[in-house]
Amino acid sequence: IDFKTTMANAEFPSIFLNASGVNCMTVTEMDEMINAACTGGVVTKSATPQQREGNPQPRYYQLEHGSINSMGLPNEGFPYYLDYVTKEHAKPTILSVAGLKMSDNIELLHKIQASDYTGLTELNLSCPNVIGKPQVAYDFEETDALLAEIFSFYTKPLGVKLPPYFDLVHFDQMATILNKYPLTHINTVNSVGNGLWIDIDTEKVVIKPKQGFGGLGGTMILPTALANVRAFRQRLNPSIKIIGTGGVTSGADVFMHLLCGADMVSVGTALLHEGVGIFQRLTDELTTIMAEKGYTSIEDFRGKVQDF
Ligand SMILES: CC(C)(C)CCc1c(C(=O)O)[nH]c(=O)[nH]c1=O
């Protein structure tokens with residue numbers, strides 16, 4: 001079965017990607033993603049202007065049904081990732097960027113615009129905002145202003161990474177804003193923000209940063225991820241593609257993301273646990289489901305989830 005997907009000027013040989021942050025910090029990890037079977041390419045760790053150590057450890061913890069993290073944007077710095085994605089690779093790259101403040105985002109996109117990189121870029125809108133205001137993606141005016149400024153000069157393929165929303169009116173408000181801009185895609189969802197887990201033997205939280213508050217990933221966020229993929233597919237211009245992220249551990253989960261309208265599917269927590277072999281397994285499991293249902297192409301069912 002042909003799992004090839006085109007987004008903007010990039011042809012991905014498979015629908016599968018890593019979720020930014022997992023298996024994409026170094027050249028070695030990014031090359032491993034590209035060279036692995038059944039991957040469509042690689043998404044870089046969100047790059048900040050300078051290299052960052054990130055938060056003190058423990059900053060990631062595996063739960064029974066997922067994960068919690070407060071990594072703090074550890075990364076090798078923007079030049080490292082721009083250099084990597086500008087080189088030739090066997091599969092497409094998506095350069096993820098995250099400013100620590102508004103001016104960082106503008107500065108990074110000016111640099112990409114001026115660079116030789118012609119591939120896709122993804123702006124992580126979970127980036128922090130001014131103190132006292134929520135992350136940018138939860139500040140609709142700020143998101144609108146940021147995208148307006150970016151698209152006043154940026155002409156290369158650009159998508160945004162979104163946190164989950166939990167109110168139908170927020171889906172309406174965010175989609176109204178996103179539909180104003182020539183985005184290649186959205187990537188939804190980022191981790192479910194500020195969860196908390198406790199080790200009852202020690203009665204302590206399980207990660208050190210932020211008094212134990214961290215983003216949730218894995219199986220437990222799949223219903224939230226599916227809702228966000230479907231809600232935005234229903235609301236966004238068809239020209240804006242969707243990378244479905246969140247809670248994928250099986251071919252059935254991939255099938256649900258695709259039924260909700262995802263064009264590509266990325267894997268985070270399960271990739272960290274299983275390694276890049278997971279992409280062959282997901283491909284095999286999805287192929288089996290499609291064969292059982294008599295589907296010969298993803299177009300036979302993409303976005304066709306039915307109401308009850
Ligand atoms: C949460 C931020 C540190 C502002 C952005 C980076 C990021 C992180 C991280 O580096 O802590 N973890 C996530 O699950 N998603 C993210 O987007």
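Start at 1 and go down the list; that is how both ligands and their atoms are numbered.
Of the N and O atoms on the side chains of S250 and D253, at least one donor lies less than 3.5 Å from an acceptor on the other residue. Side-chain polar atoms of K91 and T39 form a donor-acceptor pair below 3.5 angstrom. In the model, N18 has no side-chain atom that pairs as donor or acceptor with a side-chain atom of N23 under 3.5 Å. Side-chain N/O atoms of S126 and Q135 include a donor and acceptor closer than 3.5 Å. Residues Y117 and T93 have side chains that bring a donor and an acceptor to within less than 3.5 angstrom of each other. Side-chain atoms of K210 and N194 form a donor-acceptor pair, as typed in the model, at a separation below 3.5 Å.
Any N or O atom pair closer than 3.5 Å counts here, and C127 shares no such pair with ligand 1. The shortest N/O to N/O separation between L73 and ligand 1 falls below 3.5 Å. Inclusion of S70 in the set of residues having an N or O under 3.5 Å from an N or O of ligand 1 is not warranted. When only interatomic distances are considered, the shortest N/O to N/O separation between P128 and ligand 1 does not fall below 3.5 Å. The shortest N or O to N or O distance between S126 and ligand 1 is not under 3.5 Å.
Shortest contact from atom 15 (N) of ligand 1 to any protein heavy atom: N190 OD1, 2.9 Å.
Counting non-hydrogen atoms of other residues, nucleotides and ligands closer than 6.0 Å to NE2 of H65 gives a total of 12 or fewer. Other residues, nucleotides and ligands place more than 12 heavy atoms under 6.0 Å from the CG atom of D167.
Residue-level proximity to ligand 1 for N69 is carried by the side chain, the only part with a heavy atom below 4.0 angstrom. Within the 4.0 Å heavy-atom criterion, neither part of R52 lies near ligand 1.
Just one residue in the list N75, N190, N124 forms a side-chain hydrogen bond (donor to acceptor under 3.5 Å, both in side chains) with S46, and that residue is N124.
Look at G215 and you'll find every heavy atom at least 4.0 Å from all atoms of ligand 1. Using 4.0 Å as the threshold, K45 has a heavy atom nearer than that to some atom of ligand 1. Look at A98 and you'll find every heavy atom at least 4.0 Å from all atoms of ligand 1.
Compare A19, S20, S191, G72 by their heavy atoms: the one nearest to atom 11 (O) of ligand 1 is in G72.
For atom 1 (C) of ligand 1, the nearest protein heavy atom lies 4.0 Å away or farther.
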